Each structure stands twice: as C-alpha cells, then as structure tokens.
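Predicted model only: the values in this text are computed from it and were never measured. Note: hydrogens, waters and symmetry copies are ignored here, and every other heavy atom, side chains too, is used.
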Amino acid sequence: QVQLVESGGGLVQAGGSLRLSCAASGRTFSNYAMGWFRQAPGKEREFVAAISRSGSNTPYADFAKGRFTISRDNAKNTVYLQMNSLKPEDTAVYYCAAYTQTGNLLRRDGTAYDYWGQGTQVTVSS
C-alpha cells in the first residue's frame, strides 16, 4: 500500500503560481511512477503530467506544456507540480497518483494508477 497526501492548493489570481506537493508513504517511493491529474466540476478527470521513477521522463498534457513542471525528490518521498501562469480554466481538484513502473513508457490513463491521493483544490480567479 502507498498513501498519498497532496497539499499546496488554494486560491490564486490569474497569472499567478502555485506549487503542489504530494507526500508518499508506505512503500519504496522510487519504485513508482507518479502522475498528476485534475478534475473540474462537471468534467472528466484528465491527465496533467507524469514522472518516471528516476525523474528523467516527464510527459505533459498539451495544456500544461510550458506552464507546469513536475519533479520528484526520492529522498523526501515527494512529487511536486509547479504551476505558473495559471488561468481560470485551471481551476480543478488536483490529484496525485502512483503505479509501479515496469517499463519506459509512462501511462497517461488514470486506470493504470493504483494509488490516489485525496486531492487538493486549486481555484484561479479572473
């Protein structure tokens, strides 16, 4: 079992920045690929970014490219999502998730992820 706890969400004005954190506990963190997903009211959950076990591979959703940066610190069992130039359409609950990475390809579909956090609300005002 892996327990994931997100933090860092909040209310920010458009153009502002937030840094989300996801602290993991329970198993060897470095065995897991990590991902960030989000879900806005009335919409389906969508992929934001993922990061490989070593941190060397970081795919992003198109809307996140150039604005968001995913990173991880395996010594601290934590994954981060730095979000810059935030827009009102970024308003959503953001979730981190984990799965045991066994290959080089990182999964973007949430069904591949075995463990999920409880989510943290991000609200961007215009």
Side-chain angles (χ1 to χ4, degrees):
Q1 284 285 353
V2 175
Q3 292 79 42
L4 303 173
V5 179
E6 302 98 334
S7 60
L11 174 64
V12 64
Q13 289 188 333
S17 298
L18 282 175
R19 187 195 197 202
L20 305 184
S21 299
C22 174
S25 62
R27 292 287 180 93
T28 305
F29 180 67
S30 59
N31 286 343
Y32 295 91
M34 302 297 296
W36 285 97
F37 293 79
R38 70 183 187 182
Q39 187 166 20
K43 295 187 177 181
E44 293 187 352
R45 182 180 61 196
E46 62 179 347
F47 171 79
V48 178
I51 187 165
S52 60
R53 293 166 53 184
S54 67
S56 61
N57 187 10
T58 54
Y60 292 90
D62 286 344
F63 66 80
K65 291 178 181 177
R67 298 191 301 129
F68 295 1
T69 302
I70 188 171
S71 61
R72 67 189 295 162
D73 186 336
N74 285 344
K76 295 183 178 180
N77 290 357
T78 302
V79 62
Y80 305 97
L81 185 68
Q82 177 68 43
M83 303 187 295
N84 299 328
S85 303
L86 283 163
K87 305 174 182 179
E89 51 263 44
D90 294 319
T91 295
V93 178
Y94 284 71
Y95 299 90
C96 74
Y99 74 96
T100 305
Q101 184 182 349
T102 57
N104 293 326
L105 180 65
L106 291 182
R107 300 292 295 272
R108 296 178 178 233
D109 55 305
T111 58
Y113 291 74
D114 299 310
Y115 305 101
W116 293 81
Q118 82 289 349
T120 185
Q121 176 71 46
V122 171
T123 303
V124 184
S125 62
S126 57

Distance-only, no hydrogens or angles: does the Thr120 side chain make a donor-acceptor pair with backbone N or O of Ser7 under 3.5 Å? no
When every non-hydrogen atom of Thr78 is compared with those of Ala23, the smallest separation belongs to OG1-CA, 4.2 Å
CZ of Arg38 to OG1 of Thr91, rounded to nearest 0.5 Å, is 9.0 Å
Interatomic distance, SG@Cys22 vs CG@Asn77, rounded to 0.5 Å, equals 10.5 Å
Notebook entry, point to check: Are any non-hydrogen side-chain atoms of Glu46 and Glu44 less than 4.5 angstrom apart?
Noted result: no
task = Would you check, one step at a time, whether the test side-chain contact (heavy atoms from CB on, under 4.5 Å) holds for Phe68 with Leu86?
result = CA-CA 9 Å; Phe68 295 1; Leu86 283 163; 4.0 Å; yes
Distance col, row Thr123:OG1 vs Asp90:CG, nearest 0.5 angstrom, shows 11.0 Å
Quiz prompt | From CA spacing to verdict: side-chain contact (heavy atoms from CB on, under 4.5 Å), Met34, Leu4 | solution = CA-CA 10 Å; Met34 302 297 296; Leu4 303 173; 3.9 Å; yes
Is it true that Asp62 and Lys65 have a side-chain N and a carboxylate O under 4.0 angstrom from each other? yes
Closest heavy-atom pair, Pro59 versus Phe47, reported as atoms and distance to 0.1 Å, is O-CZ, 3.7 Å
Leu105 reachable from Tyr60 in the ILVMFWY side-chain graph, under 4.5 Å edges
no
Requested in this report: Report the relative orientation of the aromatic rings in Trp116 and Phe37; use parallel for angles under 30°, tilted for 30 to 60°, perpendicular for over 60°.
Outcome: tilted
* For atom CG of Asp109, decide whether the heavy atoms of other residues, nucleotides or ligands shown that lie under 6.0 angstrom number more than 12. => yes
Heavy atoms of Ala14 and Ser126 approach each other most closely as CB-CA, 4.4 Å
- Task: Indicate yes or no: at least one non-hydrogen side-chain atom of Met83 is less than 4.5 angstrom from one of Leu20.
- Result: yes
*asked:* Using the rule given for side-chain contact (heavy atoms from CB on, under 4.5 Å), can you reason through Tyr99 versus Val2, listing the C-alpha separation, both sets of side-chain angles and the distance that settles it, and then say yes or no?
replied: CA-CA 9 Å; Tyr99 74 96; Val2 175; over 6 Å; no
message = Less than 4.5 Å apart, side chain to side chain, heavy atoms only: is that true for Gln82 and Ser71?
response = no
- Query: Are Tyr94 and Glu6 side-chain neighbours, meaning at least one heavy-atom pair lies under 4.5 Å?
  - Reply: no
- Is the closest side-chain heavy-atom distance between Trp36 and Val79 below 4.5 Å? yes
So CG of Leu106 and OG1 of Thr58: to nearest 0.5 Å the spacing works out to 8.5 Å
Practice task
State yes or no: do Val48 and Val5 share one hydrophobic cluster built from I, L, V, M, F, W and Y residues joined by side-chain heavy-atom distances below 4.5 Å, directly or via other members?
Solution key: no
Please examine the side chains of Ser125 and Gln13, heavy atoms only from C-beta on, and report whether any two atoms are closer than 4.5 Å. yes
Between Gly35 and Tyr113, the two heavy atoms sitting closest are N-CE2, 3.7 Å
Item to check | Any Arg72 side-chain heavy atom under 4.5 Å of Asn74 side chain | outcome: yes
*Is it true that a side-chain atom of Arg107 and a backbone atom of Gln101 form a donor plus acceptor pair closer than 3.5 Å?*
no
Distance col, row Tyr80:OH vs Cys96:SG, nearest 0.5 angstrom, shows 12.0 Å
Note, Phe29 side chain near Lys76 side chain (heavy atom, < 4.5 Å): no
Separation between OG1 (Thr69) and CG (Leu81), nearest 0.5 Å, reads 8.0 Å
